[in-house]
**Q** 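Please see the structure below; I have some questions.
Since we're looking at a predicted model, the values are computed, not measured.
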Amino acid sequence: MTITINSLSELPAVAEKVIAFAADQKIFLFYGDLGAGKTTFIKALCKELGVTEHATSPTFSIVNEYAARSNKIFHFDFYRLKNQNEALDMGYEEYFYSGNYCFIEWPEKIPDLIPPHYLKIEIKVLADQSRELTVEKN
Ligand code: ADP
Ligand code: MG
C-alpha cells in the first residue's frame with residue numbers, strides 16, 4: 001500500500017488507515033532518512049491508539065513506553081545503538097514478544113533481532129516536501 005501525505009493535518013487519517021491495514025500485526029519497522037517523519041508518524045499512531053500517558057524510560061533512552069487504553073505501546077529509536085548487544089542487554093525480547101505494539105525506528109541497527117513477521121513502513125520525502133509512505137506486510 002502506498003499513501004501520499006501532503007500535510008501534517010492528514011496524519012490522523014493515515015494513521016487510522018495503517019493501523020487497520022496492520023490488523024493483528026503489532027511490530028512496525030520504520031525506514032527512512034533522518035527527518036523523513038518517522039517519529040512524527042509514530043506520534044500520530046500513538047494518538048490514534050488512544051495514548052494518554054507518555055513515560056520515557058529512565059534506564060533505557062532507547063525505548064519509550066506509552067500507555068494506550070488497556071495496553072502499552074513501545075517506541076524504540078535505535079539510531080544511537082552501537083551494536084546489537086546493546087539491544088540484547090536492554091532485554092528487547094521482553095518488548096518485541098510481549099504482544100504490545102512496538103514501533104521501531106532504525107531497525108537497520110538490529111538486523112539479526114527482527115521478528116519473523118512485521119509491518120514495514122518506508123517514508124520518503126518528495127521534492128515538494130510531501131511524504132510518500134509505503135506500507136507492506138511481511
Ligand atoms: P525522523 O523521526 O524520521 O527523523 P521527524 O518525525 O523527527 O523525522 O520529522 C522531521 C521533521 O519533518 C519535523 O519537523 C516534522 O514536523 C516534519 N514532518 C514529519 N512528517 C511530515 C509530513 N508528513 N509532512 C510534512 N512535514 C513532516
Ligand atoms: Mg526519529
Side-chain angles (χ1 to χ4, degrees):
M1 170 169 80
T2 302
I3 304 169
T4 304
I5 307 173
N6 294 301
S7 82
L8 293 170
S9 64
E10 293 176 16
L11 287 177
V14 177
E16 189 183 1
K17 214 172 186 176
V18 169
I19 290 162
F21 179 80
D24 289 340
Q25 187 51 256
K26 301 284 182 74
I27 305 283
F28 289 29
L29 308 184
F30 292 83
Y31 293 86
D33 296 338
L34 264 184
K38 301 180 293 298
T39 304
T40 303
F41 190 59
I42 287 167
K43 285 184 179 153
L45 289 169
C46 286
K47 209 166 187 182
E48 204 54 42
L49 290 166
V51 163
T52 50
E53 267 178 69
H54 171 217
T56 306
S57 162
T59 13
F60 311 110
S61 58
I62 296 166
V63 59
N64 281 303
E65 187 177 322
Y66 306 86
R69 297 195 182 102
S70 55
N71 30 28
K72 293 174 187 169
I73 298 172
F74 299 116
H75 170 202
F76 301 83
D77 187 346
F78 288 123
Y79 186 64
R80 290 190 172 78
L81 208 71
K82 288 183 196 79
N83 55 59
Q84 297 188 85
N85 282 331
E86 279 186 62
L88 292 172
D89 290 345
M90 66 170 281
Y92 82 98
E93 283 177 297
E94 302 270 331
Y95 300 101
F96 285 15
Y97 298 100
S98 67
N100 292 295
Y101 278 102
C102 287
F103 299 146
I104 306 165
E105 293 187 60
W106 299 100
E108 296 95 323
K109 296 275 188 157
I110 53 153
D112 300 324
L113 310 180
I114 304 285
H117 300 289
Y118 52 82
L119 191 81
K120 179 180 176 180
I121 300 177
E122 202 173 340
I123 307 178
K124 280 192 189 135
V125 182
L126 304 182
D128 61 358
Q129 294 306 305
S130 63
R131 266 61 173 178
E132 187 184 79
L133 217 74
T134 309
V135 187
E136 167 187 306
K137 256 193 207 179
N138 266 299

**Q** Using side-chain hydrogen bond (donor to acceptor under 3.5 Å, both in side chains) as the criterion, list what pairs up with Ser9, not counting sequence neighbours.
**A**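 Expected list: Ser7.
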**Q** CZ of Arg80 to CD of Glu86: how many Å apart, nearest 0.5 Å?
**A**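 Here the rounded value is 12.0 Å.
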**Q** Can you tell me how far CD of Glu132 sits from CD1 of Ile3, rounded to the nearest 0.5 angstrom?
**A** 10.5 Å
**Q** Between Asp77 and Trp106, does the side-chain contact (heavy atoms from CB on, under 4.5 Å) criterion hold? Intermediate values first, please.
**A** CA-CA 6 Å; Asp77 187 346; Trp106 299 100; 3.2 Å; yes
**Q** Using the test side chain to side chain contact (heavy atoms under 4.5 Å, CB included), find all partners of Asn85 that sit at least two apart in sequence or belong to another chain.
**A** Asn83, Leu88
**Q** Would you mind reporting whether Leu11 and Ile5 have side-chain heavy atoms less than 4.5 Å apart?
**A** yes
**Q** Would you mind reporting whether Ile73 and Glu65 have side-chain heavy atoms less than 4.5 Å apart?
**A** no
**Q** Cut-off 3.5 Å, no hydrogens considered: what does the side-chain donor-acceptor table look like for residues 13-31, sequence neighbours left out?
**A**
{"from": "Gln25", "atom 1": "OE1", "to": "Ile27", "atom 2": "N", "distance (Å)": "3.1"}
{"from": "Lys26", "atom 1": "NZ", "to": "Gly99", "atom 2": "O", "distance (Å)": "3.3"}

**Q** With heavy-atom distances below 4.5 Å as the criterion, would you say the side chains of Leu81 and Ile110 are in contact?
**A** yes
**Q** Strictly distance-based, threshold 3.5 Å: is any side-chain N or O of Arg69 a donor or acceptor partner for the main-chain N or O of Val51?
**A**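 Flag not set: sc Arg69 to bb Val51 has no pair under 3.5 Å.
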**Q** Listed by chain and number, what are the side-chain hydrogen bond (donor to acceptor under 3.5 Å, both in side chains) partners of Gln84, not counting sequence neighbours?
**A**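 Checked Gln84 against side-chain hydrogen bond (donor to acceptor under 3.5 Å, both in side chains); matches are Asp112.
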**Q** Could you list the residues that satisfy side-chain hydrogen bond (donor to acceptor under 3.5 Å, both in side chains) with Thr134, not counting sequence neighbours?
**A** none
**Q** List the residues meeting side chain to side chain contact (heavy atoms under 4.5 Å, CB included) with Thr52, not counting sequence neighbours, and say none if there are none.
**A**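 Counting only residues at least two positions away or on another chain, Thr52 forms a side chain to side chain contact (heavy atoms under 4.5 Å, CB included) with Ala67.
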**Q** For Tyr97, what residues pass the ring-ring contact (aromatic ring centres under 6.0 Å, His included) criterion, not counting sequence neighbours?
**A** none
**Q** Quick one: list whatever passes side-chain hydrogen bond (donor to acceptor under 3.5 Å, both in side chains) with Asn6, sequence neighbours left out.
**A**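 If we apply the side-chain hydrogen bond (donor to acceptor under 3.5 Å, both in side chains) test to Asn6, skipping adjacent residues, there are no hits.
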**Q** Is there a side-chain contact between Glu93 and Phe96 in this structure, where contact means two heavy atoms from C-beta onward sitting under 4.5 Å apart?
**A** no
**Q** Taking the side chain as every heavy atom from C-beta outward, state whether Tyr66 and His75 have any pair of such atoms under 4.5 Å apart.
**A** yes
**Q** Identify all side-chain donor-acceptor contacts of residues 115-128 below 3.5 Å with residues at least two apart in sequence or on another chain.
**A**
{"from": "Asp128", "atom 1": "OD1", "to": "Ser130", "atom 2": "N", "distance (Å)": "3.0"}
{"from": "Asp128", "atom 1": "OD1", "to": "Ser130", "atom 2": "OG", "distance (Å)": "2.6"}

**Q** Do Leu8 and Glu10 touch side chain to side chain, with heavy atoms closer than 4.5 Å?
**A**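 Counting from C-beta outward, Leu8 and Glu10 never come under 4.5 Å.
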**Q** If we only count heavy atoms from C-beta on, is the Tyr95 to Val63 side-chain gap below 4.5 Å?
**A** yes
**Q** Could you pull out all residues at least two apart from Phe78 that satisfy ring-ring contact (aromatic ring centres under 6.0 Å, His included)?
**A** Phe76
**Q** Taking distance alone, no hydrogens or angles, what donor-acceptor pairs closer than 3.5 Å link side-chain atoms of residues 38-47 to residues at least two apart or in another chain?
**A**
{"from": "Lys38", "atom 1": "NZ", "to": "Gly32", "atom 2": "O", "distance (Å)": "2.9"}
{"from": "Lys38", "atom 1": "NZ", "to": "Asp33", "atom 2": "O", "distance (Å)": "2.9"}
{"from": "Thr39", "atom 1": "OG1", "to": "Glu105", "atom 2": "OE1", "distance (Å)": "3.0"}
{"from": "Thr39", "atom 1": "OG1", "to": "Glu105", "atom 2": "OE2", "distance (Å)": "2.8"}

